[in-house]
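When a ligand or atom number is given, it counts from 1 through the structure's own listing order.
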Amino acid sequence: MKIAVLPGDGIGTEIVAEAVKVLNVLDLPFEMETALVGGAAYEAHGHPLPDSTLKLAKEADAVLFGAVGDWKYDKLDRPLRPEQAILGLRKNLGLFANFRPAICYEELVGASSLKPELISGLDILIIRELTGDIYFGQPRGRRTAVDGHFPGTEEAFDTMRYSKPEIERIAHVAFQAARKRSKKVTSVDKANVLETFQFWKDVVTEVHAQYPDVELQHMYVDNAAMQLVKAPKAFDVVVTGNMFGDILSDEASMLTGSIGMLPSASLNSSNQGLYEPSHGSAPDIAGKNIANPLATILSAAMMLRFSLNQPEAANRIETAVKTVLASGLRTADIWSEGTTKVNTQQMGAAVVAAITKTTKG
Ligand code: IPM
Ligand code: MG
């Protein structure tokens with residue numbers, strides 16, 4: 001089992017280090033190789049996704065990814081910015097299916113900005129299409145407008161597009177995921193305005209014919225954004241395009257009050273995957289040993305389950321995280337009165353200790 005470890009920038013290096021400690025204590029035959037990515041790779045090699053890093057990622061069974069980005073790179077040409085590393089990995093590895101669970105841990109119900117009764121027991125799975133849509137659609141660029149409201153002036157444009165097979169495959173992923181949960185899918189679109197998303201809706205409906213046991217609901221993205229804060233527990237599996245999924249998954253993660261807890265998985269058609277926390281590189285708290293490593297540790301658990309076929313090891317990590325939370329340990333982002341504040345390394349060590357304890361019975 002070969003794992004490419006790409007810590008990246010900001011808190012990425014600190015949180016990935018803890019996840020690696022957790023993986024090491026499982027006593028499984030992993031081969032882990034670390035490489036630079038994002039701003040760190042740009043500094044060292046002049047490119048956010050060097051060929052050597054891409055090669056390592058392609059050859060691995062799974063990629064454990066930290067986070068990339070820092071404001072100091074905002075002035076670089078777009079192809080050299082750290083974000084291009086994650087976009088490049090998604091594109092080059094064909095990671096079209098992005099799983100972003102938003103789970104509210106009972107111990108952390110008070111951390112949400114929503115009323116506890118609205119989010120207690122929340123367990124949503126956002127499935128975001130990750131390699132198409134306006135993120136990757138061509139053509140894009142800047143030019144002098146020949147028509148529109150102000151012909152003759154400078155304009156910029158991107159292209160929103162989806163092919164039928166792209167929609168079909170993500171729809172299958174969503175319906176199959178729903179079968180393992182409460183058999184309900186909400187497909188989010190903007191069919192009332194956009195041709196691309198009328199097509200999305202039509203294709204999802206067509207694929208649904210193969211899953212008569214799963215309930216399918218369609219919802220416009222603006223309404224979905226509203227329903228997510230009004231009655232989030234009404235959702236189970238949400239499937240949507242790349243752009244809407246980017247926005248709604250951030251919204252959903254905040255419902256739980258603890259983005260530092262949420263893992264994510266991005267898979268291709270051969271179940272090779274990239275696993276990363278749902279949060280970013282948080283340059284403001286980088287190097288302080290205060291970031292929450294649990295989202296990355298839980299991403300490692302998803303990696304074991306989805307790409308490395310080690311469901312038991314995944315369970316051990318997830319159980320250990322629950323044990324640690326139940327014992328009252330909290331990093332600063334999820335700390336509240338009456339709990340014990342710990343730093344990044346202490347949190348990682350606590351998870352390691354909880355795993356070792358269960359191993360020894
Ligand atoms: C995410 C991030 C990325 C995205 C950025 C960093 C390119 O926001 O993974 O949600 O927009 O997809
Ligand atoms: Mg995002």
Worksheet item: Would one find an N, O or S atom of D250, in either backbone or side chain, under 2.8 Å from the Mg ion (ligand 2)?
Response: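 No, outside the cut-off.
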Fill in: R100 near ligand 1 by a heavy-atom separation under 4.0 Å
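Yes, R100 has a heavy atom closer than 4.0 Å to ligand 1.
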Fill in: Six-ring centre of F157, R143 cation under 6.0 angstrom, axis tolerance 45°
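Verdict for F157: a cation-pi partner in R143.
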Worksheet entry | Cationic tip of K91 above F136 ring, under 6.0 Å, 45° of axis |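 Yes.
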Discussion item. Taking the ring centre of each residue, are F175 and H208 less than 6.0 Å apart?
Written reply: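 Yes, ring centres under 6.0 Å apart.
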Discussion item. I'd like to know whether the aromatic ring centres of Y220 and F197 sit less than 6.0 Å apart in this structure.
Written reply: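 No: the rings miss the under 6.0 Å criterion.
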Discussion item. Give me the residue, atom name and distance of the protein heavy atom closest to atom 11 (O) of ligand 1.
Written reply: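 Ranked first by proximity to atom 11 (O) of ligand 1 is Y135 OH, 2.5 Å.
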Worksheet entry | Nearest-contact summary for atom 2 (C) of ligand 1 - protein heavy atom, Å |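 For atom 2 (C) of ligand 1, the nearest protein heavy atom comes out as D246 OD1, 4.0 Å.
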Discussion item. Counting only heavy atoms not in E168 (residues, nucleotides, ligands), do more than 12 fall under 6.0 Å from its CD?
Written reply: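 More than 12 heavy atoms, drawn from other residues, nucleotides or ligands, come within 6.0 Å of this atom.
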Worksheet item: Salt bridge between R181 and D236, side-chain N to carboxylate O under 4.0 Å?
Response: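 Yes.
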Worksheet entry | M243, portion touching ligand 1 at heavy-atom distance under 4.0 Å |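 Near ligand 1, M243 shows nothing, with every heavy atom at 4.0 Å or more.
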Worksheet item: Counting each atom of ligand 1 from 1 as listed, which ones have a heavy atom of R128 under 4.0 Å away?
Response: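 It comes down to these atoms of ligand 1: 1 (C), 4 (C), 9 (O), 10 (O), 11 (O), 12 (O).
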Discussion item. Can you check which of R81, E83, Q84, R90 brings a heavy atom nearest to atom 9 (O) of ligand 1?
Written reply: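 The nearest heavy atom belongs to R90.
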Item to complete: Measure from the Mg ion (ligand 2) to every N/O/S atom of D246 and report the name of the nearest one.
Response: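 Nearest N/O/S atom: OD1.
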